[in-house]
Structures are given as structure tokens and as C-alpha cells.
**Q** 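Below is one structure. I have some questions about it.
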Number of protein chains: 2
Amino acid sequence: METPACTDVCAEADAADLSFDVFARACPSRETLEHVTGRWGSLTVGALRDGPRRFNELRRRVDGVSEKMLSQTLHALERDGIVTREAQATNPPRVDYELTPLGREVADRLLALIHFVEGSMGVVLSSREAYDAARGGL
Amino acid sequence: METPACTDVCAEADAADLSFDVFARACPSRETLEHVTGRWGSLTVGALRDGPRRFNELRRRVDGVSEKMLSQTLHALERDGIVTREAQATNPPRVDYELTPLGREVADRLLALIHFVEGSMGVVLSSREAYDAARGGL
DNA sequence: CGGGATCCCATCGGATACTG
DNA sequence: CAGTATCCGATGGGATCCCG
């Protein structure tokens with residue numbers, strides 16, 4: 001076993017910085033990773049990188065997300081301390097979402113991945129063609 | 001509109017390296033991003049970082065994954081050119097999965113994110129407590 | 001051992017409607 | 001505008017069986 005595992009340790013959250021292991025099924029770090037890398041999580045965090053955004057601004061940027069999913073995603077990220085939510089009780093109401101310092105670190109690493117993937121799509125697409133051709137040709 | 005969008009361009013894959021945009025609903029780069037960041041994708045790629053692994057080795061490392069999902073995940077990653085699959089027709093059969101050069105680049109960026117998240121769990125956990133306390137206390 | 005095929009259910013997630 | 005609530009279909013994903 002390479003990783004010290006998270007097992008028992010993770011359960012008791014009073015310990016400061018014991019080892020967390022996303023590869024362990026029950027480790028809370030896996031949940032947070034999923035919030036951040038999930039279908040809408042990664043795009044939402046990425047969309048917030050350039051500064052605060054309002055709800056419908058995010059909806060437009062994260063093309064295809066529904067209100068429900070965006071709301072759900074933002075709540076999970078807020079709970080994990082990745083984004084902050086600032087509401088103003090004006091009329092019409094205005095709510096700004098913004099990355100926390102922690103969130104900005106996450107976003108940087110996420111965008112590094114995103115930009116790399118975008119830049120690799122040439123390779124990916126031709127790989128797919130080769131794969132499909134081999135299957136279809138059999 | 002900040003991003004040049006992927007829209008029409010992405011459909012025709014003969015173009016070399018036109019702009020791909022994960023924020024666009026129909027862009028193929030979004031699919032690849034999901035394969036890589038998905039629930040099992042990120043862990044599978046991460047687990048392959050240290051070298052080739054066999055199927056059941058991966059199953060043990062990626063704690064909680066089912067045979068079906070691991071198989072499915074590996075196929076998607078193979079099709080995208082992230083991992084290679086090398087089968088030997090011995091008995092018992094032996095199949096090794098390994099990252100491609102592209103896959104290794106992806107894995108590096110993914111692991112940077114994973115390790116950062118693992119290292120931030122202290123902050124995350126206390127943020128969750130504060131969030132839950134505020135809700136429960138109302 | 002390394003999977004493919006099938007069954008089946010839980011959750012995801014979209015559409016719609018309603019509130020403030 | 002910024003959500004919440006409900007309904008409901010699509011999909012994710014686990015369990016099981018089976019084959020090479």
C-alpha cells in the first residue's frame with residue numbers, strides 16, 4: 001500500500017492536518033474534489049476566475065447549466081469555502097459570487113488543466129478517429 | 001462575449017488547432033474535460049501516474065470503483081488518447097494500462113489539483129462547520 | 001485475471017411554476 | 001433579478017452472471 005490511507009483518521013476532524021487521501025473511499029477530500037471537478041463545478045470555478053460574477057452572468061458563461069444545478073453547485077462550493085456569496089437586499093436583488101483565496105488557488109490549477117485540454121483537442125480528436133476506425137473496421 | 005466560442009468551428013475536426021472552449025455547450029473539449037475530471041476519471045488518471053497498472057491493481061487503488069465503471073472510464077480515456085491499453089493473450093490474461101505522453105501531462109495538472117485539495121482539507125472542514133452552524137443556528 | 005452483458009435502482013439534472 | 005420547489009425522464013453506476 002503506497003498511501004497511508006485516510007480511513008479512521010479522517011472521521012475525526014479535530015486533527016489539524018493529518019493525511020487526507022482522495023483514493024480512499026470515505027475520505028472527505030474526495031467529496032471536495034468532486035465538487036471542484038464535477039460536471040458543473042469545474043466550469044463554475046473557472047468562470048469565477050476573473051472576478052466576481054452575478055448569478056445570471058454565470059448562467060450565461062457556463063453554457064448549458066440549469067438554474068437548479070448552478071444554484072446547487074454554488075452552495076456546495078460555498079460550504080467548502082471555495083466561493084463566497086454576497087447578497088444585497090436591493091430591488092432588483094443583486095448577489096455576487098466570488099472566489100475565496102482558497103478558491104483562487106483551486107481555480108488556477110483547474111484552469112491550467114482546462115487550458116491544456118483545450119490545447120490538446122487536436123491530438124484527442126485524431127485519437128478518437130483512429131480508435132473508432134479500428135472498431136468500425138473490424 | 002469574452003471567449004471566441006467554439007460553436008461552428010468545433011464541428012469540423014479537420015481544422016488543426018482552432019479555438020476550443022469548454023464553456024461552450026457543444027464543444028468536444030467539454031467531453032474530454034469531463035472524462036478527465038469525472039468522478040472516476042480523475043482518480044483513474046491519478047492512479048496511473050506512477051507507471052503502468054493492471055486492471056485489478058487499479059480497482060484496488062481507486063477505492064470504491066466498480067468493474068463496470070472502471071472499464072467504462074478506461075475506454076473513454078483510451079479513445080481520447082489519454083491512456084493506452086496493452087493486452088497479452090497469456091493465461092491468465094494480462095492487460096496493462098499506461099498513460100500516453102498526453103496523459104502524463106494531464107495527470108501532472110490533475111495531481112497538482114488533487115494534492116492541493118488534500119492539503120486544504122483543514123480549511124475546507126472548518127468552513128463546512130461554520131456554514132452548517134450558521135444554518136442550524138437560525 | 002480481465003472484462004462484456006444485463007438488470008435495476010438511485011441520483012442527476014432539465015423544465016416548469018412560484019416567491020420575494 | 002435571484003432564487004426555491006416540484007415533477008419527472010435520462011443517466012450513472014452497483015450487483016450479478018458469464019465468457020475467454
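Chain naming here is simple, since letters A, B, ... match the order of the sequence lines and numbering starts at 1 in each.
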**Q** Starting from the 5' end of DNA chain D, give me the residue, Glu57(A) or Lys68(B), whose nearest nucleotide shows up first.
**A** Glu57(A)

**Q** Less than 4.0 angstrom from a charged side-chain N to a carboxylate O is my criterion; do Glu86(B) and Arg54(B) meet it?
**A** no

**Q** Scan residues 75-85 of chain A against DNA chain D and write down, sorted by residue number, each residue with any heavy atom closer than 4.0 Å; if none is found, say none.
**A** His75(A), Arg85(A)

**Q** Run the side-chain contact (heavy atoms from CB on, under 4.5 Å) check on Leu48(B) and Glu98(B) step by step: do they pass?
**A** CA-CA 6 Å; Leu48(B) 283 169; Glu98(B) 188 173 7; 5.9 Å; no

**Q** Could you tell me how far apart Glu34(B) (CD) and dG12(D) (C1') are, to the nearest whole angstrom?
**A** 13 Å

**Q** Among Val83(A), Val106(A), Thr84(A), Leu99(A), which one satisfies side-chain contact (heavy atoms from CB on, under 4.5 Å) with Leu77(A)?
**A** Val83(A)

**Q** Indicate whether any N or O donor in one side chain lies under 3.5 Å from an N or O acceptor in the other, for Thr32(B) and Arg128(A).
**A** yes

**Q** Round to a whole Å and report the spacing from CH2 of Trp40(B) to P of dC12(C).
**A** 13 Å

**Q** What nucleotide among dG2(C), dG14(D), dG3(C) has an atom nearest to a side-chain atom of Met69(B)?
**A** dG14(D)

**Q** As a test of reading the structure: which of dC1(D), dG13(C), dG14(D) is closest to the side chain of Arg54(A), going by heavy atoms?
**A** dC1(D)

**Q** Between dA2(D) atom P and Gln88(A) atom CD, what is the distance in whole Å?
**A** 10 Å

**Q** Starting at atom CG of Leu70(A), determine the distance to atom C1' of dA2(D), rounded to an integer number of angstrom.
**A** 11 Å

**Q** Measure from NE2 on His35(B) to P on dG13(D) and round the result to the nearest Å.
**A** 12 Å

**Q** Over how many whole Å does the gap from Arg59(A) atom CZ to dA2(D) atom P extend?
**A** 11 Å

**Q** Is there a side-chain contact (heavy atoms from CB on, under 4.5 Å) between Arg109(A) and Arg109(B)? Walk through the geometry before answering.
**A** CA-CA 7 Å; Arg109(A) 287 159 177 82; Arg109(B) 286 159 177 83; over 6 Å; no

**Q** May I have the distance from Gln72(B) (atom CD) to dG12(D) (atom C1'), rounded to whole angstrom?
**A** 8 Å

**Q** Counting only side-chain nitrogens and oxygens, does Ser71(B) get under 4.0 Å of the OP1 or OP2 atom of dG4(C)?
**A** yes

**Q** It should be established whether Arg94(A) places a side-chain nitrogen or oxygen under 4.0 Å from OP1 or OP2 of nucleotide dA2(D).
**A** no

**Q** Quick one: pull up CZ in Arg30(A) and CZ in Phe23(A) and give me the separation to the nearest 0.5 Å.
**A** 8.5 Å

**Q** Salt bridge or not for Asp96(B) and Arg85(B), using N-O below 4.0 Å?
**A** no

**Q** Quick one: is Ser66(B) getting a side-chain N or O under 4.0 Å of the dA15(D) phosphate, OP1 or OP2?
**A** no

**Q** Expressed in angstrom and rounded to an integer, what is the separation of Glu67(B) atom CD from dG4(C) atom C1'?
**A** 10 Å

**Q** Give a yes/no answer on whether the side chain of Arg39(A) brings an N or O atom under 4.0 Å of OP1 or OP2 in dC12(C).
**A** no

**Q** Identify, between Pro92(A) and Asn56(B), the residue whose nearest nucleotide on DNA chain C lies closer to the 5' end.
**A** Asn56(B)

